[in-house]
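Heads up: numbering here begins at 1 and tracks the sequence. Read the numbers this way: they start at 1 and go in the same order the structure lists the ligands and their atoms.
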Amino acid sequence: MTNDNNAKPLGFAQLGITGTLLDAAAAAGMSAPKPIQEKAIPAFLEGRDILGVAQTGSGKTAAFSLPILSKIIGLGNKRRPRTARALVLVPTRELAVQIEKVVRELAKGAHVSTALVLGGVSRRSQVKRMAPGVDILIATPGRLTDLVREGEIVLSDTTWLVLDEADRMLDMGFINDVRRIAKATHPARQTALFSATMPKEIEKLSASLLREPVRVEIARQGTTAAEIRQSVVMARTKQKRKVLSDMLADDNMRQVIIFARTKHGADRVTRDLGRDGFEAAVIHGNKSQNARQRALDGFRSGSVRILVATDIAARGIDVPGISHVVNFDLPDEAESYVHRIGRTGRNGAEGEAITLCDPAEASKLRQVERIIRMRLNVSQDVTREPDPVHRDPAPARQEPANDRPRPFKQRGDAGGERTGSKPPRRKRNRRGGPKNGAVRFGSRAA
Ligand code: AMP
């Protein structure tokens, strides 16, 4: 399996990757290393900590998976019960599932065990899977915290730790769990931290968790992939439904992900799209894990053309063919804009990102522009046009009167959704309700 050197991608071999991993990388379509892989793989193989400023789509999964696999292969399966040799900590379930898939693909032909520990699905099978110990555990912080606290998972043998999408874990309120989890791993561990953006808190986190890391910066902070065309349509909130439907009538919008700020908003957009004749799947935090996975699978396979998502649910989704990202409304956090539009234009493909902006959202738009360090082009402004009146197509007859502008706008009628004065930001609660006090790992011997 390892003697056919000619057939192997030379690039990865030069970085220090050997054996079955080269075959597996080639089979996974990774012919030449991406820049992040070129920089991170040799450093990680040397035992250095890594601080990676890179977005999903940059190839960072293989950048940490290949060297970890390379270190794990050959260690044999002498593991202590309930332990994991390597831990990859990620903010969302979808990302965890995706990473495990890549790891398994790259581990093909090698004897490496993986486990997924994430919320929203049965913990019993996860506990069972962890019982003999595994090589690589991919987990979200909430469930992992629970299982560590209960003694079902032991991290003291974990010598490789990857924190992926650290900024998103911060946004989601996981930062204390992350710190606690890191502290529970082996003190002489090797750590890689990846983050699309580097807010101060993440700089602080990496300073406390990484030792003299090699900094690998792929896209400059907050910059967006050059392949993505970006524009803004100025539209009042009430007009957005029609603007969106008109847009989607264009067949060039082959595969579209629409971002809504809230779960409720995502449901409403999906419902309105259905009424306007566009079938769409939706993912957000209130959907069951199965429903989310089904929606995502349909979208990935191409049977679903339109996916409506909230920021958190869509985080890290790697679906190659997304032609358009539509921001139905602007995100609360300007950095989320970068993550959102990064869903398109992947792997050098062309992509387009269109943001629908109510005048009340203008300040959020300015913040986005500051982050991406460019001014966004307003391709259309419909704010002076009359409000559309939406009807569900079913029972109504064609009545041209519907196109007539409404004579008055009532006072206080600010549209179906208030996007202007936003409510005070709440800390997101990761598991639906406060537990009694801070989550602490028990001190019981495991
Ligand atoms: P990631 O940033 O890890 O989510 O990777 C984004 C996409 O790039 C995935 O679809 C990978 O399969 C793909 N990819 C990663 N590394 C390479 C490579 N060296 N050559 C070609 N495609 C790659």
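- With a 4.0 Å cut-off on non-hydrogen atoms, Phe12 touches ligand 1 through its side chain and not its backbone.
- Aromatic pair Phe194/Phe64: ring centres closer than 6.0 Å.
- Here the OG-CZ distance, from Ser288 to Arg292, works out to 8.5 Å after rounding to the nearest 0.5 Å.
- Using modelled atom types, one side-chain atom of Arg48 and one backbone atom of Glu212 make a donor-acceptor pair closer than 3.5 Å.
- Remark: Asp250 CG is packed, more than 12 non-hydrogen atoms of other residues, nucleotides or ligands lying under 6.0 Å away.
- Taking only nitrogen or oxygen atoms, main chain and side chain alike, Ser58 reaches within less than 3.5 Å of ligand 1.
- Within ligand 1, the atoms closer than 4.0 Å to a non-hydrogen atom of Ala32 are 18 (C), 19 (N), 20 (N), numbered from 1 in the order shown.
- Each of the atoms 1 (P), 2 (O), 3 (O), 5 (O), 15 (C) of ligand 1 lies under 4.0 Å from some heavy atom of Gly59.
- The ligand atoms of ligand 1 that sit less than 4.0 angstrom from a heavy atom of Thr61 are 1 (P), 3 (O), 4 (O).
- Without hydrogens or angle criteria, Glu361 side chain to Leu330 main chain gives a donor-acceptor distance under 3.5 Å.
- In terms of polar-atom proximity, Ala28 is not counted as a contact of ligand 1, lacking any N or O under 3.5 Å from an N or O of the ligand.
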